[in-house]
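The structure appears right after this line, and notes come after that.
For the single chain, residues carry numbers from 1 onward in sequence order. Bear in mind that the values here come from a model prediction, so they are computed numbers and not experimental data. Keep in mind that the numbers below use all heavy atoms, side chains included, and drop hydrogens, waters and symmetry copies.
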Amino acid sequence: MIVPKSAISQYIPHRDPFIMIDNLVSVSAERFESDFYIGQDNVLVEDGHFQESGLLENIAQTCAASFGYLDRDEDGEPKIGFIGAITKVEVHELPTASATIRTIVEPLHQLGNIYLVKGESFWEGRILLGCEMKIVVTH
């Protein structure tokens with residue numbers, strides 16, 4: 001594990017109750033991996049299931065934490081980013097509350113401070129959601 005849950009807020013601008021990532025498991029320029037335990041009281045749990053919006057936010061926060069880990073400002077603050085677009089969303093299954101999901105993101109292209117990434121979330125070896133996102137990172 002590269003960044004534990006206790007330190008994740010050093011790499012993302014989000015705060016409770018909207019933190020949707022626990023640990024950065026591995027980070028390289030080619031691949032980011034995180035995990036996230038979905039609590040029963042998570043704001044994006046409805047009818048006992050973590051919603052599509054939560055899975056998308058988890059992918060975005062995996063990007064934010066990973067980009068923050070790879071390229072921190074001189075003052076140690078995480079760079080701020082936002083989702084520019086989400087495409088090719090395929091929802092296969094929604095995980096139940098109390099599940100731990102694993103997320104894998106692969107940066108595909110970069111143009112300046114805009115990144116195209118492919119993100120996938122998994123639960124017990126099954127794919128939950130896949131998508132592509134354009135992430136804009138501020139400098």
Side-chain angles (χ1 to χ4, degrees):
M1 178 177 342
I2 299 219
V3 178
K5 180 177 182 173
S6 61
I8 203 71
S9 64
Q10 296 174 28
Y11 295 88
I12 60 174
H14 308 79
R15 296 296 173 253
D16 280 329
F18 214 71
I19 294 178
M20 302 294 158
I21 178 177
D22 283 337
N23 306 292
L24 267 184
V25 177
S26 65
V27 177
S28 70
E30 298 81 31
R31 187 175 187 268
F32 313 151
E33 186 174 350
S34 71
D35 64 21
F36 180 58
Y37 172 79
I38 303 160
Q40 296 278 348
D41 60 347
N42 185 290
V43 297
L44 298 178
V45 168
E46 290 180 22
D47 299 321
H49 289 85
F50 194 51
Q51 298 301 297
E52 175 184 332
S53 58
L55 293 170
L56 292 168
E57 184 61 31
N58 169 260
I59 290 170
Q61 289 187 24
T62 298
C63 290
S66 298
F67 286 135
Y69 178 82
L70 290 172
D71 187 26
R72 292 172 62 92
D73 285 338
E74 299 80 36
D75 60 4
E77 291 298 314
K79 291 187 175 185
I80 304 297
F82 59 89
I83 300 169
I86 302 172
T87 59
K88 300 182 182 179
V89 177
E90 291 185 32
V91 180
H92 301 275
E93 183 180 354
L94 295 177
T96 59
S98 301
T100 298
I101 62 172
R102 188 74 74 157
T103 300
I104 297 172
V105 174
E106 297 174 358
L108 301 175
H109 302 288
Q110 177 185 357
L111 180 59
N113 64 331
I114 302 170
Y115 297 84
L116 176 64
V117 301
K118 174 186 168 187
E120 295 178 314
S121 297
F122 299 88
W123 176 40
E124 297 179 345
R126 299 185 312 269
I127 188 164
L128 300 169
L129 179 142
C131 70
E132 287 186 0
M133 285 186 184
K134 287 182 185 167
I135 304 288
V136 181
V137 180
T138 61
H139 291 285

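- Rounded to the nearest 0.5 Å, atoms CG (Leu129) and CG (Leu56) are 5.0 Å apart.
- Between Ile8 atom CD1 and His14 atom NE2 the span is 11.0 Å, to the nearest 0.5 Å.
- Pairing each heavy atom of Val45 with each of Ala97, the nearest pair is CG1-CB, 4.1 Å.
- Counting heavy atoms from C-beta on, the side chains of Val89 and Glu52 come closer than 4.5 Å.
- With rounding to the nearest 0.5 Å, the separation of CE in Met20 from CZ in Phe50 is 5.5 Å.
- Between Phe32 and Tyr69, the ring center distance fails the sub-6.0 Å criterion.
- Interatomic distance, SG of Cys131 versus CD1 of Ile86, reported as 6.0 Å (0.5 Å rounding).
- With hydrophobic clusters built from ILVMFWY side chains whose heavy atoms lie under 4.5 angstrom apart, Val25 does not share a cluster with Tyr11.
- The side-chain contact (heavy atoms from CB on, under 4.5 Å) test with Val105 is passed by exactly one of Val27, Thr62, Asn58, Ile135: Thr62.
- Taken from OG in Ser9 to CD1 in Ile21, the straight-line distance is 11.5 Å, to the nearest 0.5 Å.
- Summarising the geometry, atom CD belonging to Gln61 is positioned 9.0 Å from atom CD1 belonging to Ile83; distances are rounded to the nearest 0.5 Å.
- Under the 4.5 Å side-chain contact rule for hydrophobic residues, Val91 and Leu55 share a cluster.
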**Q.** side-chain contact (heavy atoms from CB on, under 4.5 Å) between Phe36 and Ile19, worked out
**A.** CA-CA 10 Å; Phe36 180 58; Ile19 294 178; 5.6 Å; no
Q.
Could you walk me through whether Val137 and Tyr115 satisfy the side-chain contact (heavy atoms from CB on, under 4.5 Å) test, starting with their C-alpha distance in whole Å, then the side-chain angles of each, then the deciding distance to 0.1 Å, before giving a yes or no?
A. CA-CA 8 Å; Val137 180; Tyr115 297 84; 3.8 Å; yes
